[in-house]
Chemist: 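Before I ask anything, here is the structure I am working with.
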Amino acid sequence: MKEQELKQTLERLAEPAGFSKESRQAVWQKVQEEQLLDDQQRRPVCFAPRKLTFALAMLMLLLTVTAVAASKLGILDFAKENGQPAPQELLVTDVQQYTYKLVSAGALPIGAAYHLDSSGSSLVSVTVEELLYHEGSLHAAMTVSPKLEGAMVLVNDMQFVDETTGKRYLRQGGNIRDLYHPGTMAFADNPEIDPQMSVKEYADAHGFGDVIHFGIDLFVEHSHCLVMADGSLQLLVQMEYNPYQRENYPDQIVNVMIPVEVALYDEQGKIPDDCEMLELELQGYFRIDSRTKRSLPEDAHDIVGYRGFVESVSVTKLSEDQVSLIIQLDQEKRNYHELQMSGPNVVVLDDAGNVLYEDRLYRDVNSMITLGDDRIQHNILIPAQGVPEDRITIRLENWRNSTVVYDEYTYTLN
Amino acid sequence: MQTKAQVPGLTEAELTRLMDTYGDLLTGMCSLILGEYHLAQDVAQETFVRAWKTGGFRGKNEKAWLIRVAINLCHDYHRSRWFRYVERHTPVEELDVPAQERDREIARLVQGLPCREKEAVILFYYNGLSAEEIARTLHITRSTVYRRLQRAQKQLKVELEGGNEA
């Protein structure tokens with residue numbers, strides 16, 4: 001294929017996907033809803049006047065389908081036939097409004113029954129309390145309970161199940177963001193949760209460090225990632241067994257080596273658009289429950305840091321005031337996957353422990369340094385009087401937290 | 001339905017201009033990345049809502065900023081395990097495109113690329129960004145852009161006609 005052919009074909013393929021009039025209207029609608037929220041000073045979800053305990057904390061999501069789609073789908077009829085209250089009886093006025101289009105609405109059969117399904121996770125149980133239709137919106141009130149003590153469970157997707165056909169429909173992406181929104185989460189080990197508390201605030205209040213988004217796109221059912229108070233990175237992962245129905249998997253133990261992606265949430269519990277993403281590999285094994293075909297909660301893995309990616313560091317004294325630092329990466333890991341890691345701090349010390357140099361190894365905060373490169377060279381300048389005669393120690397530290405030391409090397413200058 | 005967009009990011013006129021200028025581009029790009037027309041519309045909508053809320057591109061290259069946000073949103077979808085399993089209803093190859101077998105074949109090949117290679121190809125060949133611009137947009141090094149493009153070109157068996165520089 002020639003480049004021009006590829007270019008023209010992509011343009012042809014993308015042409016029908018122009019920004020539709022409906023999408024433009026949807027943007028204005030969302031803008032209007034956001035303004036309404038601002039006007040209401042973002043009042044939190046509150047299903048009851050009392051504080052909610054964790055086990056009973058309610059999670060409210062609002063799914064919007066267009067009135068046209070709703071009439072075609074018979075959702076209104078379904079609500080009426082199943083004894084749901086009339087729309088005017090619904091108390092939704094003080095609930096934060098999250099809106100979604102049901103992407104697969106056009107494919108839903110008329111008159112089908114719907115419920116929200118928790119997928120039977122052994123980490124979290126979801127009970128649908130109510131499913132109501134009101135003025136073109138589908139409202140779902142759910143109770144979310146964790147089964148793994150001490151875990152901070154982030155519910156990260158929701159799907160509709162058509163009970164007639166067994167077909168599943170997913171609403172993803174937006175749900176993740178909104179579930180992290182203050183007041184919409186129910187998680188962790190049994191405290192009372194203030195509906196106005198954000199994920200970040202909750203983590204701070206309960207001795208966690210930063211809250212981190214943790215995404216693995218293979219097999220993973222539930223996961224979370226926290227920076228603990230001591231600076232270590234803790235990952236908890238629950239795997240789903242054999243989703244592709246492969247035949248060459250062992251019955252009870254699955255060994256995995258998969259790339260994971262980590263990013264810090266911002267203060268609102270969202271992944272910033274321009275955030276740094278840390279990619280690293282997760283390696284471990286998971287025992288699989290033969291009945292549920294899911295990994296056991298006790299096999300949730302705790303991986304501290306990501307030591308071992310840097311194979312070696314070599315230092316060459318170029319002149320009286322310049323030292324060249326070359327980082328060689330682990331061959332096996334480099335060959336396995338293209339790894340990326342945000343630039344750590346590099347600290348150079350003399351034998352007495354005096355800091356000769358300290359700086360971000362890669363200065364651009366937003367850049368990601370590809371560790372798949374054969375070499376990453378970083379020339380550092382040390383004042384002439386600071387260049388030691390014999391040995392120096394080079395320490396690679398987490399750029400946010402110097403107590404997290406990835407690797408440390410001692411070298412004799414040439 | 002339109003409303004006065006007073007706070008916090010953009011004016012109504014600014015938001016309208018962004019949608020007029022970049023709506024088709026972002027939707028087309030997301031459609032190619034996600035292989036799904038409706039998801040692409042959703043992502044484009046959300047991108048503009050974010051632009052309205054934050055005005056985050058001010059002082060920056062607005063096109064690059066919008067592309068970056070849209071790609072991040074596409075990543076959110078890709079991170080979903082269900083994204084791989086759930087039947088998507090209008091894959092690219094079934095969109096209302098000229099019914100040429102060759103187009104369908106190329107669509108299948110592009111959709112078959114790994115996510116990052118696919119993004120590089122789309123930004124380079126569809127959005128018309130240079131390797132330098134892609135690097136700045138995705139916050140990666142230019143050598144990484146080249147490597148991804150080369151891998152994609154190899155997989156697609158693209159015959160180069162003049163190097164990678166746009």
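All values reported here derive from a predicted model rather than from experimental measurement. Just so we're on the same page: letters track the sequence lines, and every chain starts at 1.
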Chemist: Return the minimal non-hydrogen interatomic distance between Leu13(A) and Ala107(B), and the atom names on each side.
Modeler: CD1-CB, 3.6 Å

Chemist: So what's closer than 4.5 Å to chain A heavy atoms on Leu109(B): side chain, backbone, both or neither?
Modeler: side chain

Chemist: With a 4.5 angstrom heavy-atom cut-off, could you sort out which part of Ala44(B) is near chain A: side chain, backbone, both or neither?
Modeler: both

Chemist: Any side-chain heavy atom of Val121(B) within less than 4.5 Å of one from Leu6(A)?
Modeler: yes

Chemist: Is any side-chain heavy atom of Thr16(B) closer than 4.5 Å to a side-chain heavy atom of Arg24(A)?
Modeler: yes

Chemist: Working to the nearest 0.5 angstrom, can you tell me the gap between Thr9(A) OG1 and Glu105(B) CD?
Modeler: 10.0 Å

Chemist: Aromatic contact between Phe19(A) and Phe48(B), with the criterion being ring centroids under 6.0 Å apart: yes or no?
Modeler: yes

Chemist: Non-hydrogen atoms of chain A under 4.5 Å away: do they reach the side chain of Asn127(B), the backbone, both or neither?
Modeler: neither

Chemist: Quick one: OH on Tyr126(B) to CZ on Arg12(A), what's the gap to the nearest 0.5 Å?
Modeler: 13.0 Å

Chemist: Has the side chain of Gln41(B) got a donor or acceptor atom that lies under 3.5 Å from a matching backbone atom of Ser20(A)?
Modeler: yes

Chemist: Can you tell me how far apart CE (Met19(B)) and CH2 (Trp28(A)) are? Round to the nearest 0.5 Å.
Modeler: 4.5 Å

Chemist: Quick one: does Ile106(B)'s side chain get under 4.5 Å of Glu5(A)'s, heavy atoms only?
Modeler: yes

